[in-house]
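Okay, so here's the structure we're looking at.
Just so we're clear, the structure is a prediction, and the values are computed from it rather than from any experiment.
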Amino acid sequence: MPDRAPQPVDRQLPTDEARDLISLVRDIAQHEIAPKAAEEEDAGHFPREVFTLLSRTGLLGLPYDSEYGGADQPYEVYLQVLEELAGARLTVGLGVSVHTLASYALATYGSKEQQVEHLPAMLGGGLLGAYCLSEPSSGSDAASLRTRAVRDGDDWVIAGTKAWITHGGVADFYTVMARTGEEGPRGITAFLVPADAEGVSAAAPEKKMGMKGSPTAQVHFDGVRVPDARRIGDEGQGFAIALSALDSGRLGIAACAIGVAQAALDEAVGYATGRLQFGRPIADFQGLRFMLADMATQIEAGRALYLAAARLRDAGRPFAKQAAMAKLHCTDTAMKVTTDAVQVLGGYGYTADFPAERYMREAKVLQIVEGTNQIQRMVIARHLAGPETR
């Protein structure tokens, strides 16, 4: 069956440097990531070697200050890099987004001394991060977390369990939100915890529907001692830091979702133009052509939405509402487009011989992570109508 090669997305990029960056990412995606994606996902293999390559080429610190090993790229560019990586393999695209999220607290709220000491290794020194907010009993209600940090002289002693941690067990550092004071959001503080600290351990990875190559695990903190120099921001500021990080992180999820959706559309178009039925390609039939048109339109709308939010962020303007809208729309789009791609391929779409079924399984998690889409609707509604009355 002849394949129609997908055309690269025609991106509007602000600089020649950004265009060169996208070309580099596409080369890595095509030669280092995509060829192994299906086999390694099926085997549950985490591609640490890919993240080492991305770190070495400067792709793990794109939106951060070059003074500390970043690349000074605007979010408008960084998110399009994520989209390209996620289209090749979501484990990689989402992994870069999570690492960026884990680095956010120190890069944004850390002291100058902390940034000089830790950021170069985090952004370009081969380290990989994880973000520890959720717990077994606090997911959407993150402010009710129970992990506690108790002051002991110049140290803090952290005890508790975090859940649903991407890179749990393979990360080199964890950005941990722990309770240091009163109940509720004002009693939470952020810490930078090295993965090799005594008392840090990870449970066996969760057995998931998709993204089997990306470990998601509980992480246990059993009397982990960290110096006060690893506290990020002020005591009690941790929840505000966490929410600020998630506003940016949701844009990363939106971009990853569009990457998966675009890959599914490319697969569907390639199949439909090569598959012959009734003596002609099935892409000739109007019902299927309209499906492809709707898929492409929703993808373009999602891409425009996340880029509009990114440009607000880059301009220093409020973007939380738009980030929630982008996360909501783009991940719902990914679920719809990947489902339709399976339908276009018919019986073949339901088999592991084609990537459509993998895209569909992977898209589902994007409607859940970093705030379910029900939470996104609550965030958007609060911006429109104010907080709920009680």
Exercise. May I ask you to decide if Leu13's main-chain N or O and Glu76's side chain share a donor-acceptor pair within less than 3.5 Å?
Key: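 Pair absent, no side-chain N/O of Glu76 close to backbone of Leu13.
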Exercise. Determine yes or no for a side-chain-to-main-chain donor-acceptor pair under 3.5 angstrom, with Arg231 supplying the side chain and Phe191 the backbone.
Key: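 No; zero donor-acceptor contacts below 3.5 Å.
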Would you give the length of the straight line joining atom [atom1] of [X] to atom [atom2] of [Y], rounded to the nearest 0.5 angstrom?
X: Met122; Y: Leu119; atom1: CE; atom2: CG; value: 5.5 Å
X: Ile22; Y: Glu17; atom1: CD1; atom2: CD; value: 11.5 Å
X: Gln12; Y: Arg19; atom1: CD; atom2: CZ; value: 10.5 Å

Modelled atom types, side-chain donor and acceptor of [X] and [Y], under 3.5 Å:
X: Ser248; Y: Arg313; result: yes
X: Asp294; Y: Gln298; result: no
X: Tyr104; Y: Ser244; result: yes

Quiz item: Is any side-chain heavy atom of Lys162 less than 4.5 Å from a side-chain heavy atom of Phe221?
Solution: yes
Self-check item: Val116 side chain reached by Tyr68 side chain, heavy atoms, under 4.5 Å
Solution: yes
Quiz item: Is it true that Glu39 and Lys36 have a side-chain N and a carboxylate O under 4.0 angstrom from each other?
Solution: no
Quiz prompt | Side-chain ion pair, Arg230 and Glu117, N-O less than 4.0 Å | solution = no
Self-check item: Ring centers of His167, Tyr131 separated by less than 6.0 Å
Solution: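 No; Tyr131 has its ring centre 6.0 Å or more from that of His167.
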Quiz item: So which of Val379, Leu101, Leu328, Val369 actually passes side-chain contact (heavy atoms from CB on, under 4.5 Å) with Arg250?
Solution: Val379
Quiz item: Within 45° of the axis and under 6.0 Å from the centre of the six-membered ring of Phe319, does NZ or CZ of Arg311 qualify?
Solution: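 No, cation not above the ring by the 6.0 Å, 45° rule.
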Quiz prompt | Exercise: identify the closest heavy-atom pair between Leu54 and Val92 | solution =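 Minimum heavy-atom separation between Leu54 and Val92: CD1-CG1, 3.8 Å.
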